[in-house]
Amino acid sequence: MKKYKPRKYRQSSGYKKKPGKSMTLPDQNLTIKELLDRHSRGVSLGAPDLKGEYFDTEIPRYDDLTDMLEHKKELVQKQIDLENQIKEQQKQVQKETSLKAKPEDEVSEAEEEAEAKKH
């Protein structure tokens, strides 16, 4: 027969979590059946419905999968249009900088030629 050995418990790390304000409400207990029934009917479960801050972008709610797919196509097309617009703007900036750089190059070349003639 084995002798009883007391269990060795681990020591605490010393970290103790301070409990904050409780978010539970008294008498807020629902069965799974009640939760599913309310969810399927779209009835609030009694918990606050917090809305996020999304700045300028509206987050749509879809009733149908096809609506979501159409919205996705629109977003992809919008992304392509914006990428093309960015590329065009970058080309314009490169043209402007290259036009500005050419006169400076011509002036510096002229100065170099003048200095070479002096020496």
Side-chain angles (χ1 to χ4, degrees):
M1 206 167 166
K2 291 185 176 180
K3 291 185 177 180
Y4 172 72
K5 292 184 180 179
R7 291 187 177 184
K8 295 181 182 179
Y9 294 101
R10 293 184 181 185
Q11 274 188 322
S12 172
S13 64
Y15 174 77
K16 293 183 180 180
K17 185 176 178 181
K18 295 180 182 179
K21 183 179 177 184
S22 176
M23 299 290 286
T24 58
L25 299 174
D27 298 330
Q28 186 186 19
N29 54 350
L30 299 172
T31 64
I32 293 177
K33 182 179 178 182
E34 290 172 329
L35 288 171
L36 290 173
D37 186 44
R38 286 187 176 193
H39 175 73
S40 64
R41 293 181 185 195
V43 178
S44 173
L45 299 175
D49 187 22
L50 303 175
K51 304 269 182 182
E53 303 259 344
Y54 296 105
F55 308 104
D56 296 343
T57 307
E58 181 181 332
I59 306 297
R61 292 187 177 236
Y62 305 107
D63 295 329
D64 191 8
L65 184 62
T66 57
D67 293 338
M68 182 186 68
L69 294 174
E70 288 175 8
H71 187 255
K72 180 182 176 185
K73 287 179 185 177
E74 291 172 7
L75 290 176
V76 168
Q77 185 60 43
K78 195 177 207 181
Q79 178 185 2
I80 292 169
D81 294 341
L82 287 173
E83 287 174 353
N84 290 336
Q85 185 179 2
I86 289 170
K87 287 178 184 176
E88 289 174 10
Q89 288 177 354
Q90 288 174 343
K91 286 179 184 178
Q92 287 178 352
V93 169
Q94 286 177 351
K95 286 180 183 178
E96 290 174 3
T97 55
S98 65
L99 290 175
K100 289 180 182 178
K102 284 183 181 178
E104 292 175 5
D105 291 340
E106 292 172 2
V107 171
S108 62
E109 289 175 9
E111 289 175 358
E112 288 175 7
E113 289 176 8
E115 287 181 26
K117 287 180 182 178
K118 287 181 183 177
H119 296 289

Undergrad: Identify the two heavy atoms, one from D67 and one from D63, that lie closest to each other, and give their separation to 0.1 Å.
TA: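 Smallest heavy-atom distance, with atoms named: OD2-N, 4.4 Å.
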
Undergrad: With a 4.5 Å heavy-atom cut-off, do M68 and L65 have their side chains touching?
TA: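 Answer yes - side chains close enough.
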
Undergrad: So, for H71 and Y62, which heavy atoms are closest and what is the spacing to 0.1 Å?
TA: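 Heavy-atom minimum between the residues: ND1-OH, 2.7 Å.
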
Undergrad: Taking CG in L75 as the centre, count heavy atoms belonging to other residues, nucleotides or ligands within less than 6.0 Å. Is the count above 12?
TA: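 Result for CG/L75: enclosed.
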
Undergrad: In terms of side-chain heavy atoms, does Q79 have a donor or acceptor partner in E83 at a distance below 3.5 Å?
TA: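 There is such a pair (donor and acceptor under 3.5 Å, judged by atom type) between the side chains of Q79 and E83.
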
Undergrad: Are any of the side-chain heavy atoms of L82 and Q85 separated by less than 4.5 Å?
TA: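 SC-SC contact between L82 and Q85 confirmed.
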
Undergrad: Look up atom CD in E34 and atom CG in D37, then write down how far apart they are to the nearest 0.5 Å.
TA: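 Separation between the atoms: 8.0 Å.
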
Undergrad: Would you please test N84 and E88 for side-chain hydrogen bond (donor to acceptor under 3.5 Å, both in side chains) and show each step?
TA: CA-CA 6 Å; N84 290 336; E88 289 174 10; over 6 Å; no

